[in-house]
Peer 1: 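Quick one: the structure is below, and I'll ask about it shortly.
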2 protein chains.
Amino acid sequence: MGENARVADTKTRAEGDTATRILDAAERLVQIRGFNGFSYADVAEELGVTKARLHYHFAGKAELGEALITRYAARFAESLAKIATRPSDSRAKLDAYAKLYADVLRDEQRMCLCGMLAAEYQTLPKRMQDAVLTFFDDNEEWLRGVLEQGQREGTLRFTGSPDEAARMIVSGLEGAMLVARSYGDVSRFRTAATRLMTSLTDPASRPRT
Amino acid sequence: MGENARVADTKTRAEGDTATRILDAAERLVQIRGFNGFSYADVAEELGVTKARLHYHFAGKAELGEALITRYAARFAESLAKIATRPSDSRAKLDAYAKLYADVLRDEQRMCLCGMLAAEYQTLPKRMQDAVLTFFDDNEEWLRGVLEQGQREGTLRFTGSPDEAARMIVSGLEGAMLVARSYGDVSRFRTAATRLMTSLTDPASRPRT
DNA sequence: GTCTATAACGAGATAGAC
DNA sequence: GTCTATCTCGTTATAGAC
């Protein structure tokens, strides 16, 4: 079974390696230049392979784009699950959530994949559009859970529904990335993110203390 | 002099008409599809003219793009000046500011021109990049003024510097537009914007009341 | 100022050999 | 699986007639 596992793993790696390397390069390009700002030729050149090879693994740009979002969303969901299981209070979870965005931005000044695609939304293939919305939906649902927890525990105090607050967090962080990236200044993101999160604790919690 | 004025006006209109119509169509396309998502052919078709005509008025896409930002920023500055001279309190000014964004979004679900270009920032000609940053700088400076006024008057209470708060407002509104537009749901923007502005008044002002 | 015509290039995509 | 070669189309841009 150790054999089989290794074989399967090698097989996956051998087959997946090319696909994975394509996804890695394409993901980076989309996050930096946008879906309409990169081409198969760009990816091929970066990997030192031919365009035909890309078409073998991903029939067209639409399929590649869809695969990008799926993988990105899955990775994000994994990170969220990890944060959720940590026995920390909800404010700490929100900070960890914001750090996910900061990590993306710090990596070569990348934009959130789905934030970038949101800008190009109207030009995307339908399936990519749907996948982008699902990403946002999942993030908002996770945040809603954390916010409800914080409200019950008394760690967080905010006006409006947890759902509304969750939406503000997502859009606020996406916007902070968007602008900070143009300035090439990660600290811009950090301060905006901190202010955003603080607005859910300090100001509203002080009155009753 | 009335003659001259009329002649000059007509001349401006006769010459400017084509250029203006090009700018109008291109602006709309960039706000909806992005700078990398539209072409001279798109503009030409929409206006029922040839591509060559566009090149006569705007040498290249870079020049057209630059003109777009310049005009957009000038119009925005005008609106800001109008808001500033109104004898309203600073909270009302912030609401009026947010309404500027809402109006853009309501118009065919357009994204803020510079928010859109911020996403494509890394692919833009240098002069366009600079113009985008200037737009954000101008907005933040205007907001800083309003926030300082509010702080002095006691209408607004917030933690951190007015400058930081101004940056959060700009990025928060841009992000709210970005996400709301994908959902095709303007109310998403409205609630996010309201929450954002409220975080500068209600929560922090309650404790001392 | 506006047109027709076309150049020059890059895009996404496919056929078929290996 | 990966290559070479090629197709077709759309892109920005220009030349030159009107």
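Letters go in sequence order (proteins before strands), and every chain restarts at 1.
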Peer 1: Would you confirm whether B/D42, through its side chain, and B/S39, through its main-chain N or O, come within 3.5 Å as a donor-acceptor pair?
Peer 2: yes

Peer 1: Rounded to whole Å, please give me the gap between CG in B/L29 and P in D/dT11.
Peer 2: 12 Å

Peer 1: Closer than 4.0 Å, any side-chain N/O of A/T50 to the OP1 or OP2 of D/dC3?
Peer 2: yes

Peer 1: Let me know the distance between CZ of B/F38 and P of D/dG10, rounded to the nearest Å.
Peer 2: 17 Å

Peer 1: By nearest atom, which of the nucleotides C/dC3, C/dT2, C/dA13 is closest to the B/T18 side chain?
Peer 2: C/dT2

Peer 1: Would you indicate which nucleotide in C/dT2, D/dA13, D/dG1 comes nearest to any side-chain atom of A/H57?
Peer 2: D/dG1

Peer 1: Given the side-chain rings of A/F76 and A/Y101, with only the six-membered ring counted for Trp, is the space between their centroids under 6.0 Å?
Peer 2: yes

Peer 1: Is there a side-chain contact between B/E164 and B/M168 in this structure, where contact means two heavy atoms from C-beta onward sitting under 4.5 Å apart?
Peer 2: no

Peer 1: Closest nucleotide of DNA chain D for A/A52 versus for A/Y56: which of these residues is on the 5' side?
Peer 2: A/Y56

Peer 1: Describe the nucleic acid contact of B/S39 in one word from base, sugar-phosphate, nothing, applying a heavy-atom distance below 4.0 Å.
Peer 2: sugar-phosphate

Peer 1: Take atom CZ of A/R127 as the centre, draw a 6.0 Å sphere, and report whether it contains more than 12 heavy atoms from other residues, nucleotides or ligands.
Peer 2: no

Peer 1: Whole angstroms only, please: what is the CG-C1' distance between B/L47 and C/dG1?
Peer 2: 15 Å

Peer 1: Round to the nearest Å and state the distance from A/K61 atom NZ to C/dG10 atom C1'.
Peer 2: 12 Å

Peer 1: Within the 4.5 Å heavy-atom criterion, are A/L117 and A/L68 side-chain neighbours or not?
Peer 2: no

Peer 1: Using whole Å, report how far CZ of A/R53 lies from P of C/dA13.
Peer 2: 19 Å

Peer 1: When you measure from the side-chain N and O atoms of B/H55 to the phosphate of C/dG1, is any distance below 4.0 Å, counting only OP1 and OP2?
Peer 2: no

Peer 1: Rounded to whole angstrom units, what separation is found between the CZ atom of B/R33 and the P atom of D/dG10?
Peer 2: 13 Å

Peer 1: Rounded off to whole Å, could you give me the CG-to-C1' distance for the A/L54 and D/dT4 pair?
Peer 2: 15 Å

Peer 1: OH of B/Y40 versus P of C/dC9: gap in Å, rounded?
Peer 2: 20 Å

Peer 1: Across the strands shown, which category fits B/F58 at heavy-atom distances under 4.0 angstrom: base, sugar-phosphate, nothing?
Peer 2: nothing

